[in-house]
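Only heavy atoms go into these numbers, but all of them, side chains included; no hydrogens, no water, no symmetry mates. Numbers for residues simply follow the sequence, beginning at 1.
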Amino acid sequence: MERNDIIDFDALEKELQAALTADEKYKRENAAKLRAVEQRVASYEEFRGIVLASHLKPLERKDKMGGKRTVPWNCHTIQGRTFQDVATEISLSSWKSS
C-alpha cells in the first residue's frame, strides 16, 4: 500500500467540522436576513446589523450583572472572529447612571 492511499482521519474530521460550522453560519445568517426583510427594516445598516448579530442569543432571567460567568460573554472574539468594521461604543457613564 502506498503512502498516498492512507486516509488522514484527523484532517478529514477537521474538514467536516469546518463544513458543518460554515453550514450552521449560513443557515443562521439566512434566517436573520429573512427576519429582517419580513420586519421591513428602514435601512441597509439596520439590515446588516441584524445579520451581523445573528450569532447572539437573548439573555435569560438567571443572567444578571455581577454574577459569576461560566462562559465568556462573546465567544466569537476569542476564536479570532471579530467584526472590526462594526464599532459599537458603550459609554461607561450610561452604565453608572442605571
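Residues passing the side chain to side chain contact (heavy atoms under 4.5 Å, CB included) test with E60, sequence neighbours excluded: K62, D63. Residues meeting the salt bridge (charged side-chain N to carboxylate O under 4.0 Å, His left out) test with D10, sequence neighbours left out: none. With sequence neighbours left out, E13 forms a salt bridge (charged side-chain N to carboxylate O under 4.0 Å, His left out) with no residue at all.
For the pairing with S54, the side-chain contact (heavy atoms from CB on, under 4.5 Å) check across K25, K33, R28 returns one residue only, R28.
Other members of the cluster containing L34 do not exist, because no ILVMFWY side chain is joined to it at under 4.5 Å. Its side chain within the 4.5 Å cluster rule, F9 clusters with I7, L12 among the Ile, Leu, Val, Met, Phe, Trp and Tyr residues. Other cluster members for V41: V37, Y44, F47, I50, V51, joined by side-chain heavy-atom distances under 4.5 Å among Ile, Leu, Val, Met, Phe, Trp and Tyr.
Using a 4.5 Å cut-off on side-chain heavy atoms (C-beta onward), L20 and E24 make no contact.
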